[in-house]
Structures are given as C-alpha cells and as structure tokens.
Amino acid sequence: MSKWFADLNPQQKEAVETIEGPLLVLSGAGSGKTLVITRRIAYLMEQGIAPEHILAVTFTNKAAAEMRERLRAMVGHTAKKVTLSTFHSLGLQMLRAERNRGKNKKPFVIFDQADQMACLRELSRTVRLDRSLDLGSLLARIGGFKNAFLDPEQVPASEDEYQHAAATLYGAYCQAMEAYAAFDFDDLICTPTRMMERSAPCRRRWSGRFRYVLVDEYQDTNSAQLRMLKALVSLHSNLCAVGDDDQSIYGWRGAEVRNILKFDSDFPAGKVIYLMRNYRSVGSVLALANAVIAKNENRHPKSMVAHRAEGSAVKMVVNEDGESEAEWVAKRMAHYREEKKYRLSQIAVLYRSNRLARALESALRAQNITYRVVGGQSYFDRKEVKDLIAYLKLCVHPADSLSLRRVINWPARGIGPVTLARLAEWAEQRQMPLYSALPKADQILGSSDRARKAVAGFVALMDKTRKRLSTHAAVPEAVRDLIDDIGMKADIFNAASSGKVAERRWASVQDFLDGLGRHCQGPGSATLATYLSKIALNELEKDQEQDSGEQVTLSTLHGAKGLEFPLVFLLGVEEGFLPHERVMNPASNDAGGGDLSEERRLCYVGITRAKDELVMTRAAQRMIHGQMRDRAPSRFLTDLPKELFETEDHTIVLSPEESKKRLEEIRKMLSR
DNA sequence: TGCTATGTTATTTTT
DNA sequence: TAACATAGCA
C-alpha cells in the first residue's frame, strides 16, 4: 500500500488513488481537502507519472504556495517540477508560450481592475454615455460578455439600460485593449482557451503536456474557466475537481455554482466522491452549520459528520446597538486574554460588511487588543507606487497609452490638458498609439514653445531610462535614476499634507525598490517585464505579513474562506447583513437578481470557520445610513430548532414601572 | 493646480 | 453618519 494514503479515511483514500478519468471530490468544510490534493499529486508521482505532466490549478496565489510547500515537504525538490499555479498565471504562461511559437512576439501588459476602470473612464468620454452610470457595473457586464466568448457584435440587444450601455462600450473597450496591447484578467483565461478551441494542434500540445489536471475550489470556476479546463483535458479526461457547492460565495463575480452541480454532464462517466467527515469543528458548531445549509435547494444533498466531540454550545448574543456589540466582543476578548483561555491569534471576528469592522476596531483599541484586518488596500494600490509602476510599464511597453497619460504630466512638467488633447488627436487620426505622437510634438504643437520643450524633455527622459534599463545589469539602479530625474521625492514631500504622510509614501517607494532589487537578483529570467506581470497577478510575497505578534484576525466572510480559528465571533447576524439588504432589494445597476442561497452559504462559511467555539452576535438596533433602525434576527437562524444555539440577551429591559415612568417623562416633555 | 464646498451613496473583491 | 467624488473657485 502506498505510504501516501496509509492514514487516510476510506473516501480520502479513494480520492487519492482514483487517477484516471473525471473525478469530482465534494469536500465539505474541514474535511482535509488540501491534504487529499497534495497526497494525490504525490501518489501520481509515485505511480511513475512525470511531475511535468501534472497540473494543479488554484484560485489564489496563497493556496498555490501553500500546496507547493506541503508537496515539497512530501516529495522534496521534485515538487518544483509540478505545474502548480492559479488560473490566471497558467493562462499567462500559455499565452506567452503560444505567442513565442508564433510570429507575434510583441510585448503586452496586463491590466488589473484599476487599469480597466481607467480605460473605461477614458472611453466614456468619447463614447457618449450617461455619466450617471456606474462604471464598475458596466465593467462587470463586459466581463460577462467576455466570459461568454461573445464578440462585440454578438451581444444580444437588451432593454436594460446597463446592459445596453455595456454592449455599446464593449466594442470600444476591446479596441482600446488591442491598441494598448493589454490583456485583462478575463483575457488571460479566454485567449488561451480560444486558441485551444480553434486549433487542434494547440489543444493537443497543452492537453498532452498536462495529462493529469487537478482543480481546487471548483465551485468558484466561471464559464470561461470551465471551457479552459475542458480543452485542457480533451485528450485524456483526467480531471480531478475538488470543491464544495455549499461554499460557493463568488457568484457575483461570475462564478457558476452550476459547474459543480453539472460536473457529470460536462465530464461524463466520471466518479463522485464525498468527503463528509469534518475534522475541524466541534459537534455543536457542525450541527448548526448542517442545519443552516440544509435549507438551500440546488445543491448536492449532503451533511457533514462530526469527527470531534460535541463541545460547548454555540451562542447568540444580542446587544443594544452596533457600538455595544463591538464593545462586548472586545471586552470578552480582553477577558479571555487574561484568563489565557485563548491566545489572540486563535481568535477571529467575521462580518458580512467591512463597515462592521469600524466600530470593532475602535473597541479593540480601547481594550488594547492588537488586530490585523484581512484584505484591505494592497501595497501596490498606493498612489505613489502605482505612478512609479506606470512609468515602468511605459518603458517596457510604449503603446500602453493609459500609463502614458498617467505619468506624462506627473510630476507636473507643463504638459497640460490642451497639449495632451492635441497630441491625442494627432495619434487618433493616424490610428497610432499616443506615444508615437510625442517625437512629432514640434510639428503637432506648432507655436507653443513651452509645451514643445516639455514634451521633448519627457521623450528624452523616457529614452534615457529605457536605455539604462536595457543595458544588461542594474535594473534597480536605472529605476532609482528615474526617480531622481523626475524629482519624485520632492514631489511626494511637497504634495503630502504632513511630513509623516510623506515619509510613509517615500518609504513605500523605497520598499518597492527593495522588492524589485530582490526580484532581479533571482533566477536568470527575472526581468522588469516579469516583475510587472507578477505585480499585476498579485504574485509577490507580502513582505509585511505581520502575523508575528499576538493579534486577533478581523475579516469579511469572503476573506475568511479557507481559514479556521479556535474561537470565531460572527458579527451582525441580522436581516440586512445576512442576508444582505442589497440582495433583497437590488439596486438598478445590479446584474441578475439577488441570490438568497448565496447569502445562506456565506452564513454557512462563517459558521464552519470555528473549531472550538462559535459566538454569533447581533444588535437590536443599529445606525444604518445615519438612521437608527430596529434590526431583526437573521432568517437563517430563526427557523431552526432552538437547541442548536443559546441566546444571551444584553439589551436593556425595563421593568413595567420603569417604562411607565419613562413614558410619563416623554408625555411631560411633549405637553410643555 | 490644488483646495474646499457640496452632493451622493451606501456588499462581498481570489486574479 | 461618513466617506468619497465632483465641481467650482482661487
């Protein structure tokens, strides 16, 4: 018997050793999913399958890194030879490889969401468009078109205002992306998929290379990713999909729960294995989770079985309002810290909406409890870093007119909107990238001496920098020179409201340089271009991961997926948050109708994060949009047998005499 | 260019 | 309520 499944339960073992043909592993929360995936890869290798033929796809870099590490611990350095990456990084790799085969070797840039938005904002100026429309919503719909592989002219006409506007914008958007030689995240999936679908040799190449394919979090795949997988396994059907339909919480981002529900029709003659033994949570927590999720329809019917003992009862704590809720949680933590019942790092506070974190943060500070907030603004989203990145993108790829617009007058060098408009018009008429207008500034701008000089100065700067970057060594030095040349330091210190802010901004520029330096010292192929794509795909190690100390984790329910904690506080378990108000009353710009079942799954995900103890809280009333509102308990819990959790009510209850007295007082005030 | 007054909006955010 | 954006002004 293989050593890789000696200690597994029968279903886990079956999932590891079923290596041929389609296999769906429905792995409930805490059922040892990552263990099974990594063991399976090790087992494949033990069976003599070359690691080069194995592909494991995840959604996040974190998951990929974690898997890689666990695999390395099992099989050593050969773990490196397994292709273990995110969908997007796989797509990028395929795209690069295919372009290198063909004639098209032009460099390209990757647009993240901010870049996409900037692009749309730019377009919405030329394409006449109702300015009140929400660009984010339009972008989401354009993503929908892309993932359905629709060409702009194929988009069905629609009455819906947003759908209509998105369709109008879609063509212009595609053109712009082409002109910039830019690929967005959707393109990274769709383009390689289209290549495979259109060309049998291409399909054979990739399907032949990756003979055993694993996908993690299958419930989160969208329709394009499904098509990508279908093409990838077209030669052999060796697809192992691992996921849990009950944990599908990204439907609003295009994920299709249906994919995991209709697995057997997409990949016929496959096998389905249920991993239903839960090793994570105590019985009481699991019972509640099972009861909550059981009410959903359209799911693989299943129920987790507790491996652990019953544990202490789940609690629901009702407080007067949002502030007292936060305060109560913080005080309870302070208490635990003193009693040493839990270390702070073992505690998480989860909530549906970030807004709930605010009250909590101040309550925690008041109790001197350190915390970390999962997610939050990324380091590369900071303005100063983004500006610098735009310069570098432009150096690598002059056709990226968006980056050019971003930096052409930053720091200010006298190229104002009028000058820019003239240059843009010239380029527009000739269907050329904006950059190509710059060397012609003399003839385009005519009289304006100042502007001409400014543009010439900018061109000289870019030429100089590009030359420095291309001369073999010293990429970081070249960037440092660029920073000096543009006077970035002075600009940061002038622009900032306080010295402290400036110091911090300047420090992030330094951090960026350090990161770049480290990257360039890495393996041979490390270039500025690869660094930029890593930034776009969020693939760089987060250097300031400060989970060193003792701190409580604060996270949205979405951010908590895949995590687990001995003690979990689940905040705002109320109508309006769970399910969210927005789902019950969708705004006009929301795509499809609100999905109540996804809200229930979100609740389920929250509950199943808890290992030993779960405390849910809600407030009797809460400040919503500046108004105090009464809050009702979440429907996901009101219709459950009451022995599943204990309620603890901390709202102020007045005695009959007391309330009579209060009423009298009010009456007096009114009569006066 | 940059600041202030005013208006407006109110989830979730793996890449 | 409070954060953010935009417009208008200096």
Side-chain angles (χ1 to χ4, degrees), chain A residues 57-65 85-92 110-117 121 131-132 134-137 139-140 143 183-189 216-217 219-222 224-225 247-255 322-323 350-359 374-378 380-381 409-414 416-417 491 494-497 533-540 555-563 572 576-590 594-595 598-599 601-602 605-606 622-629:
Chain A
V57 194
T58 62
F59 275 85
T60 66
N61 297 302
K62 197 175 154 212
S85 70
T86 63
F87 266 104
H88 293 89
S89 143
L90 171 69
L92 175 62
I110 296 166
F111 271 17
D112 62 20
Q113 200 175 323
D115 298 322
Q116 288 180 285
M117 290 288 274
R121 206 167 296 129
R131 263 195 303 282
S132 68
D134 169 38
L135 285 184
S137 179
L139 189 60
F183 287 80
D184 62 27
F185 289 142
D186 295 324
D187 293 324
L188 293 181
I189 307 298
D216 190 18
E217 307 279 17
Q219 75 283 353
D220 290 339
T221 52
N222 65 26
Q225 286 155 343
Q247 292 183 69
S248 162
I249 55 176
Y250 283 101
W252 52 275
R253 260 177 140 260
E323 275 66 46
L350 309 181
Y351 36 82
R352 172 65 217 269
S353 159
N354 282 311
R355 124 183 334 230
L356 281 170
R358 255 177 245 150
V374 173
Q377 207 195 22
S378 154
F380 291 105
D381 288 340
N409 199 34
W410 181 86
R413 55 170 69 84
D491 186 82
N494 284 335
S497 50
S533 63
K534 285 199 169 181
I535 291 170
L537 294 184
N538 209 358
E539 273 174 3
L540 296 171
S555 172
T556 62
L557 288 167
H558 287 89
K561 196 169 77 157
L563 305 178
F577 282 129
L578 277 170
H580 198 279
E581 164 75 23
R582 187 89 176 238
V583 175
M584 310 310 295
N585 301 309
S588 65
N589 60 351
D590 287 340
D595 186 354
E598 184 155 308
E599 297 295 302
R601 293 194 291 263
L602 216 34
V605 166
R622 202 184 282 275
M623 211 49 136
I624 299 292
H625 306 336
Q627 280 191 315
M628 205 44 115
R629 291 277 170 81

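Each chain gets a letter, A, B and so on, in the order the sequences are listed, and its residues count up from 1.
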When Asn409(A) and His558(A) are each assigned the nearest nucleotide of DNA chain B, the 5'-most assignment goes to Asn409(A)

Here the distance between atom C1' of dT12(B) and atom CD of Glu599(A), to the nearest Å, is 8 Å

Open item on the list: With a cut-off of less than 4.0 Å, is there a side-chain N or O of Asn354(A) near OP1 or OP2 of dT12(B)?
Closed with: yes

Please state the C1' separation for the pair dT11(B) and dT6(C) - nearest whole angstrom.
24 Å

message = Could you check whether any side-chain heavy atom of Arg622(A) comes within less than 4.5 Å of a side-chain heavy atom of Phe577(A), counting everything from C-beta outward?
response = yes

Taken to the nearest 0.5 Å, the spacing of Leu578(A) CG from Leu557(A) CG works out to 6.0 Å

Practice item. Check every strand shown and say whether Gln113(A) touches a base, only sugar-phosphate, or nothing at a heavy-atom separation below 4.0 Å. Key: base

From the candidates dT1(B), dT15(B), dT12(B), the one with an atom nearest any side-chain atom of Asn61(A) is dT15(B)

Picking from dA10(B), dT1(C), dT15(B), the nucleotide nearest the side-chain atoms of Met623(A) would be dT1(C)

To the nearest angstrom, the CG-C1' distance between Asp186(A) and dT15(B) comes to 10 Å

Worksheet entry | Presence of donor-acceptor pair under 3.5 Å, side chain of Arg253(A) and base of dT15(B) | yes

Here the distance between atom P of dA3(C) and atom CZ of Arg358(A), to the nearest Å, is 5 Å

Report the relative orientation of the aromatic rings in Trp252(A) and Tyr250(A); use parallel for angles under 30°, tilted for 30 to 60°, perpendicular for over 60°.
tilted

Check: Does OP1 or OP2 of dT14(B) have a side-chain N or O of Asn538(A) closer than 4.0 Å?
Finding: no

Closest of dT11(B), dT1(B), dT13(B) to the Arg355(A) side chain is dT11(B)

Suppose you measure atom C1' in dT14(B) against the same atom in dA3(C); what distance do you get, rounded to whole Å?
26 Å

Atom CG of Leu356(A) and atom C1' of dT12(B) are separated, to the nearest Å, by 12 Å

Checklist entry - Just checking Phe87(A): base, sugar-phosphate only, or nothing, at a heavy-atom cut-off of under 4.0 Å? => result nothing

Of Ala536(A) and Ala587(A), the one whose closest nucleotide on DNA chain B sits nearer the 5' end is Ala587(A)

Whole-Å distance, Tyr351(A) OH to dT11(B) C1', equals 13 Å

Out of dT11(B), dT14(B), dT15(B), minimum distance to the side chain of Arg352(A) belongs to dT11(B)

Taken to the nearest whole Å, NE2/His625(A) to C1'/dT11(B) is 11 Å

One should read off an interatomic distance between His88(A) NE2 and Asp184(A) CG, to the nearest 0.5 angstrom, of 8.5 Å

Side-chain N or O of Thr556(A) versus OP1/OP2 of dT12(B): is the shortest distance under 4.0 Å? no

To the nearest angstrom, the CG-P distance between Asn585(A) and dT11(B) comes to 13 Å

Here the distance between atom C1' of dT15(B) and atom CG of Asp216(A), to the nearest Å, is 15 Å

Rounded to the nearest 0.5 angstrom, the OG1-CG distance for Thr58(A) and Asp220(A) is 11.0 Å

Side chain to side chain donor-acceptor pair (under 3.5 Å) test vs Arg352(A) passes for just one of Glu599(A), His558(A), His580(A), namely Glu599(A)

Closest to the side chain of Ser353(A), out of dA10(B), dT12(B), dT15(B), is dT12(B)

